[in-house]
Colleague: 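Structure provided below as structure tokens; questions to follow.
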Amino acid sequence: MPRTPPSHTCTASGDRWKTVGREILLHLIDFLVNSYGRDPVITRLLNNTRIHIMPTMNPDGFEATKVPDCYYTRGRYNRNGEDLNRNFPDAFENNSASIQPETQAVMDWIKNETFVLSANLHGGALVASYTFDNGNPVTGSLKGYSRSPDDDVFIHLAKTYSSNHASMYKGTGCDNRQTFPDGITNGYSWYQLEGGMQDYNYVWGQCFEITLELSCCKYPPADQLEKFWRDNQVALIEYIKQVHLGVKGQVTDKNGNPIPNAIVEAKGRPHVCPYRTNEQGEYFLLLLPGTYVINATVPGFKSMLKTVEIPDNTGNFSALKQDFSFPEVSDQIRSRVTSCPKTPLYQELTWASAAVKPTIHILVLMTVMLVIFK
């Protein structure tokens, strides 16, 4: 029998160099543990969701901050002097930075888990920022906005957090020069960033991640930390619930065995690195309520299309379930697929588009000449 896919998995990673995100996530752990069995909403959330929390990615940087201040700390960098949020492979350009042990550990973690939704916590502003952080003409960067195939979902996720935060939704920046409508921003529209974890997780981890800037002061006094937790508590819980948006399911062969590496995508939302099933044949797609065509493909076999009507199931803590069974596939036939290379995939897509354009121009010219001659 096909195995029921497990609960969606959500992960949160704390401040790489500041203290607010680190403390908030420690408060979140304490709140979840102590609310289980007492608060019915939190109990249902934990019964249906796997939650991974990494309070800090850069412990050496945190400890290196001897004289904290609001605007700059040495703790931004790890022991080797590298900025970890510029250290991941980039989908738009070659990142020349040497991958650090902390970065590699997180990349391995992402590879070995089926994460679906994520957030990384920072300080220095008050805004929810969403992918892409980098961009090129393929994603609309010439217009000052780098759009992902799931832009509507990312806007929803960012607004979910900001609207449930004590003040982020107001959109007021940390000074008079910077404002964020509804308390959200496209990362590229704010400023271009190469090698960030947010884009890496979305492209290569199949995980929707946003960046939460939670304090204007990067290293506030200790007596303010409790208030930061209160300001973010509701927003964190509501954000975690969004992991149950969309559709999930399992892809199996004629004997009911799971098929790993099958491509499962929503029509009209192709990812530059196609989203595939995990070792248990499970897939998870975050989608807003609406009608979608889900395309499941096992390489070498005819694709299967299924139309689904997706409700808002976040309150029920369970996404819509839609399985796929390939009767012509046996357990002896397995898809041999390697993961997408950690190269600038969107850069390569730009080159491919440019290579096609002259051919199109020639075809148009030939068509016009034929009409004239006739």
Side-chain angles (χ1 to χ4, degrees), residues 11-19 21-22 52 54-65 71-113 115 118-125 127 129-139 141 146 148 154 185-213 218-219 271-273 338-351:
T11 178
S13 55
D15 259 322
R16 289 158 177 79
W17 49 86
K18 281 82 74 177
T19 187
R22 177 185 177 117
H52 297 241
M54 179 176 63
T56 182
M57 181 178 167
N58 185 14
D60 290 338
F62 182 83
E63 294 299 329
T65 307
Y71 304 106
Y72 176 80
T73 65
R74 292 182 59 189
R76 181 181 188 94
Y77 307 97
N78 73 346
R79 189 174 182 178
N80 297 328
E82 295 286 345
D83 185 338
L84 298 180
N85 201 38
R86 306 291 188 276
N87 195 236
F88 286 84
D90 193 271
F92 296 92
E93 53 192 302
N94 284 306
N95 189 353
S96 60
S98 176
I99 293 181
Q100 298 298 294
E102 300 94 332
T103 308
Q104 188 62 57
V106 170
M107 289 170 60
D108 292 342
W109 188 36
I110 291 170
K111 180 181 178 181
N112 294 326
E113 294 286 344
F115 291 130
S118 180
N120 64 79
L121 282 57
H122 292 244
V127 67
S129 175
Y130 56 91
T131 204
F132 287 115
D133 277 330
N134 207 346
N136 65 14
V138 172
T139 60
S141 65
S146 190
S148 76
F154 276 110
T185 184
N186 173 254
Y188 186 89
S189 294
W190 187 11
Y191 64 90
Q192 186 177 4
L193 187 159
E194 176 190 339
M197 179 177 172
Q198 176 172 276
D199 288 1
Y200 176 85
N201 217 348
Y202 175 62
V203 172
W204 285 288
Q206 303 188 183
C207 177
F208 287 45
E209 178 169 307
I210 68 172
T211 297
L212 301 173
E213 299 279 355
K218 295 182 179 181
Y219 210 123
H271 297 100
V272 68
C273 181
T338 57
S339 59
C340 289
K342 305 299 190 294
T343 57
L345 300 175
Y346 274 100
Q347 187 181 76
E348 294 160 13
L349 194 61
T350 304
W351 292 339

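We number each residue from 1, following the sequence as shown.
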Colleague: Could you list the residues that satisfy side chain to side chain contact (heavy atoms under 4.5 Å, CB included) with Asp108, not counting sequence neighbours?
Modeller: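 Checked Asp108 against side chain to side chain contact (heavy atoms under 4.5 Å, CB included); matches are Gln104, Asn112.
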Colleague: Run the side chain to side chain contact (heavy atoms under 4.5 Å, CB included) test against Pro89 and tell me which residues pass, sequence neighbours left out.
Modeller: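 Partners of Pro89 by the side chain to side chain contact (heavy atoms under 4.5 Å, CB included) criterion, ordered by chain and then number, come out as Ile99, Met107, Tyr200, Trp204, Lys342.
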Colleague: Just jot down the side chain to side chain contact (heavy atoms under 4.5 Å, CB included) partners of Gln206, sequence neighbours excluded, or say none.
Modeller: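 Expected list: Tyr275, Arg276.
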Colleague: Identify the heavy atoms of Arg76 and Asn58 that sit nearest to each other, and give their distance.
Modeller: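 Distance-wise, the nearest heavy atoms are O-ND2, 3.8 Å.
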Colleague: Is the backbone N or O of Glu82 less than 3.5 Å from a side-chain atom of Asn80, with the two atoms forming a donor-acceptor pair by type?
Modeller: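 Such a contact is absent between Asn80 side chain and Glu82 backbone.
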Colleague: Using a 4.5 Å cut-off on heavy atoms from C-beta on, say whether the side chain of Thr131 contacts that of Glu209.
Modeller: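 Contact flag for Glu209/Thr131 side chains = no.
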Colleague: Distance check, rounded to the nearest 0.5 Å: Glu213 atom CD versus Lys218 atom NZ?
Modeller: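 Answer rounded to 0.5 Å: 8.5 Å.
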Colleague: Looking only at heavy atoms, what is the nearest atom pair of Gly196 and Phe88, with distance?
Modeller: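 Minimum heavy-atom separation between Gly196 and Phe88: O-CB, 3.8 Å.
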Colleague: Looking only at heavy atoms, what is the nearest atom pair of Asn95 and Gly195, with distance?
Modeller: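 Where Asn95 meets Gly195 most closely, the heavy atoms are ND2-CA, 3.5 Å.
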Colleague: Within this structure, what is the OG1-CG distance for the pair Thr103 and Asp83, rounded to the nearest 0.5 Å?
Modeller: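 The CG atom of Asp83 is 9.5 Å from OG1 of Thr103, to the nearest 0.5 Å.
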Colleague: For Thr211, is there any backbone N or O sitting under 3.5 Å from a side-chain donor or acceptor partner on Gln198?
Modeller: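 Answer holds: yes.
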Colleague: Which atom names give the shortest non-hydrogen contact between Ser141 and Asn136, and what distance separates them?
Modeller: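 Nearest heavy atoms, Ser141 then Asn136: OG-C, 2.8 Å.
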Colleague: Could you walk me through whether Thr139 and Phe92 pass side chain to side chain contact (heavy atoms under 4.5 Å, CB included), step by step?
Modeller: CA-CA 10 Å; Thr139 60; Phe92 296 92; 3.7 Å; yes
Colleague: Testing the basics here: between Asn85 and Met197, what is the closest heavy-atom pair and its distance to 0.1 Å?
Modeller: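 What the structure gives for the nearest pair is OD1-N, 3.2 Å.
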Colleague: Apply side chain to side chain contact (heavy atoms under 4.5 Å, CB included) to the pair Tyr346 and Asn134, showing each step before the final yes or no.
Modeller: CA-CA 10 Å; Tyr346 274 100; Asn134 207 346; over 6 Å; no
Colleague: What residues, two or more places apart in sequence or in another chain, satisfy side-chain hydrogen bond (donor to acceptor under 3.5 Å, both in side chains) together with Glu63?
Modeller: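 Glu63 satisfies side-chain hydrogen bond (donor to acceptor under 3.5 Å, both in side chains) with no residue once adjacent residues are dropped.
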Colleague: Determine whether Ile110 and Cys207 make a side-chain contact, defined as any pair of heavy atoms from C-beta on separated by less than 4.5 Å.
Modeller: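 Not in contact.
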Colleague: Using only atom types and a distance under 3.5 Å, with no angle test, would you say the side chain of Asn201 pairs donor to acceptor with the backbone of Gly205?
Modeller: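 Answer holds: no.
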Colleague: Who passes ring pair (Phe, Tyr, Trp, His ring centres under 6.0 Å) against Tyr202, sequence neighbours left out?
Modeller: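 Tyr202 satisfies ring pair (Phe, Tyr, Trp, His ring centres under 6.0 Å) with Phe132, Phe154, Phe208, His271 once adjacent residues are dropped.
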Colleague: Applying side-chain hydrogen bond (donor to acceptor under 3.5 Å, both in side chains), can you list everything that pairs with Asn186, at least two apart in sequence or on another chain?
Modeller: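 For Asn186 the side-chain hydrogen bond (donor to acceptor under 3.5 Å, both in side chains) partners, ignoring immediate neighbours, are Ser189.
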Colleague: Give the minimum heavy-atom separation between Ser98 and Asn87, together with the two atoms involved.
Modeller: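 Minimum heavy-atom separation between Ser98 and Asn87: O-ND2, 2.9 Å.
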Colleague: May I ask you to decide if Asp133's main-chain N or O and Asp199's side chain share a donor-acceptor pair within less than 3.5 Å?
Modeller: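 Yes, because the side chain of Asp199 sits within donor-acceptor range (under 3.5 Å) of the backbone of Asp133.
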